[in-house]
Amino acid sequence: MIRRMLRFGSQMLSGGREKVPPAAAEPDRKWPEDRAARWMPTHQHRKGGLYRVLSEGILEADRSPVVIYDDADGTVWVRASNEFWDGRFTAI
């Protein structure tokens, strides 16, 4: 299982079942204003969303391959490789 750790003050929250909005998890974090200008998509979802593939990995729970990607807002997504490459996304 892929886990993401978020720092909230001195307390660590696991990315398991807790729902912590990014603003609450990192109140002092500032994105550079030119982040959107530097971010370049690599793929487009069939519904129109633009995404950038960051890496491919292996899901710990069952050793299945996954694709790790993000959107222009900085949200990081993980999807099974067979779902990502089945035609849902096209390279730009």
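Under the 4.5 Å side-chain heavy-atom criterion for Ile, Leu, Val, Met, Phe, Trp and Tyr, Ile92 and Trp85 are members of distinct hydrophobic clusters. Grouping the Ile, Leu, Val, Met, Phe, Trp and Tyr side chains by contacts below 4.5 angstrom, directly or via other members, places Val76 with Val66.
A distance of 4.0 Å separates CZ of Phe89 from OH of Tyr69, quoted to the nearest 0.5 Å. Interatomic distance, Leu59 CG to Arg79 CZ, rounded to the nearest 0.5 Å: 14.0 Å. In this structure, CZ on Phe84 lies 8.5 Å from CD on Glu56, to the nearest 0.5 angstrom. Here the NE2-CH2 distance, from His45 to Trp77, works out to 10.0 Å after rounding to the nearest 0.5 Å. Atom CG in Leu50 sits 9.5 Å away from atom CG in Asp71 (nearest 0.5 Å). We find the CD-OG1 distance between Gln44 and Thr90 to be 5.5 Å, quoted to the nearest 0.5 Å.
Side-chain polar atoms of Asp73 and Thr75 form no donor-acceptor pair below 3.5 angstrom.
Under the 3.5 Å distance criterion, the side-chain polar atoms of Arg88 are matched with a main-chain donor or acceptor of Glu83.
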